[in-house]
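Letters A, B, ... mirror the listed sequences (proteins, then strands); counts begin at 1.
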2 protein chains.
Amino acid sequence: MASRAKATILDIAREAGVSKSTVSLVLQGSGLIRPETAVKVRKAIEDVGYVYNRGAANLRKAHSNVIGMVINDLTNPFFAELAVGMERVFQAAGVVPFIANTAENPVRQEEVLKSMMEQGVAGLIVSPARGTTPGAFRRIEAAGVPVVFAMRRLPESRIPAIAPDNHRGACLATEHLIRKGHRRLAFFGGSSDLVVYQERLGGFLEACEAFAIPVADRTIVEGETSRKGGMACLETALAISEPPTAALCFNDAVAFGVMLALRKRGLEAGTDFAVVGFDDVAEAEHYSPALTSVAVDTAGLGERAAHVMLKMIQSRTTRAEDHIGAVSLVVRESSGPNRNSQVGDAA
Amino acid sequence: MASRAKATILDIAREAGVSKSTVSLVLQGSGLIRPETAVKVRKAIEDVGYVYNRGAANLRKAHSNVIGMVINDLTNPFFAELAVGMERVFQAAGVVPFIANTAENPVRQEEVLKSMMEQGVAGLIVSPARGTTPGAFRRIEAAGVPVVFAMRRLPESRIPAIAPDNHRGACLATEHLIRKGHRRLAFFGGSSDLVVYQERLGGFLEACEAFAIPVADRTIVEGETSRKGGMACLETALAISEPPTAALCFNDAVAFGVMLALRKRGLEAGTDFAVVGFDDVAEAEHYSPALTSVAVDTAGLGERAAHVMLKMIQSRTTRAEDHIGAVSLVVRESSGPNRNSQVGDAA
DNA sequence: TTGATTTATTGGAACGTTCCATTTATAGCG
DNA sequence: CGCTATAAATGGAACGTTCCAATAAATCAA
């Protein structure tokens, strides 16, 4: 079947009785070669068990066909969904996305980015890890490799970002809680070194402002963006003298944690304390009680990011516009007795 | 900062006033070069904004430092956990794992594998997609690239597999249900074209046999391995004349679906119908009622798979032993009123 | 038939590394 | 001082492709 040493186009050429250039042309699907020749060559390729060496090709070619996706936390289903959305688009464009996980660790991220650059990726889609330094992408930009940020952005950076309208989403959710009659509100989870956090918290505060919620009645508890973090937030908040009666959570994981902590205290989300999440991951719908959450169309943002990347590569530019995705509040049980079921909105 | 065109070792050599060979040596951390020279070279590397071209290097070197991880469903947190376990090990070994998702699609898988081979991966860790044909890995084996299967295996294949003791896990879980007093049992979800399915169903049947459960009282419903699939399974099972009172589910996703469908009918898992899952994903613990499930130590299996791969690469062999991971039943609420809390076991 | 044009095919020079065989410099020793 | 032994640095060929310029073959116009 396959010969001993790795077969090259030279072996194919010999086998098919043509020149290596002809083989190369066939490999690239050039219309210049005579159909019969092409058939002959393709047969030889099959016979010698040839595998194309993209590394060698990239030595001559301008662009590779791989794009790197660098994700801060693959175990969060939210990011997995994002990745899947992008994959769909890239597959159709004949581009292969390689995914790498940084586990929210800037050092690891540095290594991963370096590695991807060394592989010669055509572009990079990144959801930056917490604590990424502003200069982390300087070298990559200098090398002319297009980068787009997905879901998260960096404080002062010219790199285009594709993200949901965090401010508006948080506003919508907070308004919803206030309309339900809550007057002492909390914002749970996340930390201020994340731009997303600033945006979501900003939306929360704006709504509070708009409805004249006094500053003293706004409880803000930073914390890990995980179930565990959520549990801790609730404990902290309930310990104060005039505890809040409702909370907007930084993301769904935090919200799940809050609901868990409530149950541990014999309280129920929705009736004893209102909880709203952010991201609307698939689980939100299936939780009990079902979680009210801000839907951000994750897969859609992934597709959008992929399209932007493709366009950047094509027009060999390193610049593109930001894109802010529409959000909508999906009202379920965790925020209190039902009235209506979905409040849509486009940004 | 960075020069116009991409810098190469030649540029560095010129900048540092040494030969390209010296630069190459420094890049590889050879002890042959004088420390002062190394420092000089490293400075030059920094100055010209050099990025190493691994493609070019691989043209000469035997092995690349990238390993491909091909996963059938990244949105399943179970597989994401697996991936994360492997990453830990690889990182420590200075190897970069690139992850790709096949979305349970054999055609997509073919493309992904081809692409990884073209990139010149040193090895491949694969959780094969459903319906993978036995010959899918022939060419890869012929090329001498080591492959290990994780979590799933292929019917008749010499490729080593790292997987949990599915048979034993299913046995354990079924026994648990029988001990709780159930006499009409169901096995929900999965389909017979998966080896894992055969193994888990086998364990279920063995336990039934051991406790003399008549064949007529065993209900087996195949279905999608998702929440949706689980819901459908329950509907089907409850429609028969003498419906089962307990079910072992192919995996946790199916179990969640079953619990959801129960609630829709006003029934509660644990009291009205016993449910046991498989995999023990993180959510299982947090569900309500908490899901009894077979824990398989996902991350541990991932680490094991990574180690096996590393060893195969090092000893340049394409063969290795299978590895069957220990399992344990984690008893929670969904299987009925508590008695004990965890039944451990090592295979 | 001949030259011009089009269609297929081909050799050879890159591309950016590594690695072997040398060369050059430095030190050690009697 | 001459010789060997060791340490440090180097030139050049090779790796498997692409692509340009060139050639060869086939077709056409006159």
Exercise. Using side-chain contact (heavy atoms from CB on, under 4.5 Å) as the criterion, list what pairs up with Val96(A), not counting sequence neighbours.
Key: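 Applying side-chain contact (heavy atoms from CB on, under 4.5 Å) to Val96(A) gives Asn65(A), Phe98(A), Ser115(B).
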
Self-check item: Nucleotides bounding contact with chain A, strand DNA chain C, heavy-atom threshold 4.0 Å
Solution: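 Span of nucleotides near chain A: dA8(C) to dG16(C).
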
Using residues 154-162 of chain A as the side-chain source, report each donor-acceptor pair under 3.5 Å to any protein atom, sequence neighbours left out, with the distance given to one decimal.
from, atom 1, to, atom 2, distance (Å)
Ser157(A), OG, Ile159(A), N, 3.2

Exercise. Send over the distance from Glu36(A) CD to dA25(D) C1', rounded to a whole Å.
Key: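 Whole-Å distance recorded here is 14 Å.
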
Exercise. Specify the residue among Gly55(A) and Val18(B) whose closest nucleotide of DNA chain D lies further upstream toward the 5′ end.
Key: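 Nearer the 5' end of the strand: Val18(B).
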
Quiz item: For the helix from dT1(C)-dA30(D) to dG30(C)-dC1(D), what is the angle between the axes at its two ends, each from 5 pairs, rounded to 10°?
Solution: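 One end axis against the other gives 50°.
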
Exercise. Report which part of the nucleic acid Ile9(A) touches: base, sugar-phosphate, or nothing (heavy-atom distance under 4.0 Å, all strands).
Key: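 The residue Ile9(A) makes base contact.
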
Practice problem: Determine, stepwise, if the pair Phe90(B) / Ile67(B) fulfils side-chain contact (heavy atoms from CB on, under 4.5 Å). | Solution: CA-CA 9 Å; Phe90(B) 284 139; Ile67(B) 285 183; 3.5 Å; yes

Listed partners of [X] passing side chain to side chain donor-acceptor pair (under 3.5 Å), at least two apart:
X         : value
Arg34(B)  : Glu36(B)
Gln314(A) : none
Asp297(B) : none
Arg304(A) : none

Self-check item: Listed once per pair and sorted, the salt bridge (Lys or Arg N to Asp or Glu O under 4.0 Å) pairs that draw on residues 84-94 of chain B, sequence neighbours left out
Solution: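 Sorted pair list: Arg88(B)-Glu303(B).
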
Practice problem: For residues 143-155 of chain A, pull every pair meeting side-chain hydrogen bond (donor to acceptor under 3.5 Å, both in side chains), keeping only residues two or more places apart or in separate chains. | Solution: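 The answer is Glu104(A)-Arg152(A), Arg153(A)-Glu199(A), Arg153(A)-Asp322(A).
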
What pairs of nitrogen or oxygen atoms, one from the protein and one from nucleotides 19-23 of chain D, lie under 3.5 Å apart?
from, atom 1, to, atom 2, distance (Å)
dC19(D), OP2, Gln28(A), OE1, 3.3
dC19(D), O4', Arg60(A), NH2, 3.4
dC19(D), N4, Ser21(A), OG, 3.4

Kindly list each side-chain donor-acceptor pair under 3.5 angstrom involving residues 125-133 of chain A, sequence neighbours excluded, with atom names and distances?
from, atom 1, to, atom 2, distance (Å)
Ser127(A), OG, Asn72(A), OD1, 2.8
Arg130(A), NH2, Ser191(A), OG, 3.4
Thr132(A), OG1, Gln109(A), NE2, 3.0
Thr132(A), OG1, Ala129(A), N, 3.4
Thr132(A), OG1, Ala129(A), O, 2.5

